[in-house]
2 protein chains.
Amino acid sequence: MSVIEEKCKKKGVRLTEQRRVIAKVMSDSKPTFGSKDHPDVDELHKRVSLIDKRISIATVYRTLKLFEESGIIERHDFKEGKSRYEPSTDEHHDHLIDVNTGEIIEFVDKDIEELQIKIAKKLGYNLIDHKLELYGSKKK
Amino acid sequence: MSVIEEKCKKKGVRLTEQRRVIAKVMSDSKPTFGSKDHPDVDELHKRVSLIDKRISIATVYRTLKLFEESGIIERHDFKEGKSRYEPSTDEHHDHLIDVNTGEIIEFVDKDIEELQIKIAKKLGYNLIDHKLELYGSKKK
DNA sequence: CAAATCGATGATACATTATAGCAATTATGC
DNA sequence: GCATAATTGCTATAATGTATCATCGATTTG
Ligand SMILES: [Zn+2]
Ligand SMILES: [Zn+2]
Ligand SMILES: [Zn+2]
Ligand SMILES: [Zn+2]
């Protein structure tokens with residue numbers, strides 16, 4: 001059983017054959033370091049179709065929304081207009097996008113997380129969420 | 001003459017009657033502290049129409065794109081799907097969005113800017129651009 | 001000054017991403 | 001197994017933004 005299927009069970013999200021396939025594909029999407037996973041809906045539909053080509057794009061959209069609202073996956077809107085998805089991780093991370101290759105590098109930085117909380121506080125706010133994306137080109 | 005009209009002249013961006021109106025509206029959009037300006041295309045078209053109701057939404061789109069590509073204004077994609085605009089400022093700033101009211105608070109923080117450069121460098125990248133948005137609720 | 005030229009405009013068609021409606025199918029609880 | 005409720009696939013629709021194209025208007029050329 002895939003990691004995401006297990007999380008669905010734990011959270012009481014009903015599973016169907018289609019959702020199980022989408023869960024499997026999402027679970028397998030974890031990027032090895034250096035890759036650029038975080039697939040978009042079309043890419044996911046392609047991967048899903050390799051397992052069962054009768055699953056419609058509408059179901060992919062609906063299931064991703066369901067998983068996202070249940071906190072099982074995360075949606076990102078990088079600079080493209082379309083959403084990209086990844087399985088939720090235990091430890092929060094942010095992203096650096098290689099502007100030349102599109103490669104996505106994940107990073108964790110405690111200092112910048114704390115700094116954001118501090119900035120919000122100074123402005124009189126409690127930080128609820130944040131978006132941090134770095135765009136860069138490889139040093140030579 | 002509006003601030004943005006002046007910048008157009010300086011950069012050699014050709015001005016028309018329509019563009020002058022849009023430049024004026026954008027120039028007037030600078031938020032006083034506490035406001036939530038950074039208007040979207042529809043809002044801008046509304047404001048533009050008050051001055052000249054024959055200006056089409058297509059021209060607003062085209063002119064905003066032109067101004068943006070010339071570095072005269074900046075486009076932001078907050079969490080809504082539609083773009084919002086503001087005049088470019090001398091000093092770079094980031095945004096905190098009040099999740100309850102939609103209010104947008106601008107802030108400048110040298111430390112977080114430097115930290116981002118440092119993080120990119122550590123990953124082997126030169127930082128070219130970044131997106132930093134804080135979402136929070138007012139402390140009571 | 002008139003003609004030719006070139007870019008900008010307005011209206012509309014189209015593209016893209018995503019959601020909504022609905023009949024048919026599937027899963028669930030008894 | 002049967003009734004009920006949720007889910008699916010298909011398609012239509014919504015929302016945001018871009019492309020097309022005939023027309024307009026400004027500018028240059030002779
Ligand atoms: Zn973060
Ligand atoms: Zn990630
Ligand atoms: Zn910044
Ligand atoms: Zn701003």
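In this model, the phosphate group of dT9(C) is approached by a side-chain N or O of T16(B) to a distance below 4.0 Å at OP1 or OP2. OP1 or OP2 of dG10(C) sits under 4.0 Å from a side-chain N or O of T59(B). The side chain of Y61(A) places an N or O atom within less than 4.0 Å of a non-bridging phosphate oxygen (OP1 or OP2) of dA18(C). Regarding contacts with the backbone of dA18(C), a side-chain N or O of S83(A) is found under 4.0 angstrom from either OP1 or OP2.
Residue E43(A) contributes atom CD, which lies 16 Å from atom C1' of dT17(C) at whole-angstrom precision. The CZ atom of R19(A) sits 11 Å away from the P atom of dG9(D) (whole-angstrom rounding). Computed from coordinates, the D52(A) CG to dT8(D) P distance equals 12 Å when rounded to whole Å. Between the CD1 atom of I22(B) and the P atom of dG10(C) there is a distance of 8 Å, rounded to whole Å. Atom CD in E17(A) sits roughly 11 Å away from atom C1' in dT26(C) (whole-Å rounding). Atom NZ of K82(B) is separated from atom C1' of dA18(C) by 15 Å (rounded to the nearest Å). Atom-to-atom, CD of E80(A) to C1' of dT16(D) comes out at 16 Å; the value is rounded to the nearest Å. Taking atom NE2 of residue H45(A) and atom C1' of nucleotide dA18(C), one finds them 14 Å apart after rounding to whole Å.
One donor-acceptor pair, N or O on each side, does fall under 3.5 Å between the base of dG10(C) and the side chain of R62(B).
Toward the 5′ end of DNA chain C lies the nearest nucleotide of R14(B), the other residue of the pair R14(B) and R54(B) mapping further downstream.
A salt bridge does not link K65(B) to E68(B): none of the charged side-chain nitrogens sits closer than 4.0 Å to a carboxylate oxygen.
Nearest to the side-chain atoms of Q18(A) among the listed nucleotides dT19(C), dA11(C), dG9(D) stands dG9(D).
Figure legend: K79(B) and Y135(B) shown as a cation-pi pair, the cationic atom lying under 6.0 angstrom from the six-membered ring centre and within 45 degrees of its axis.
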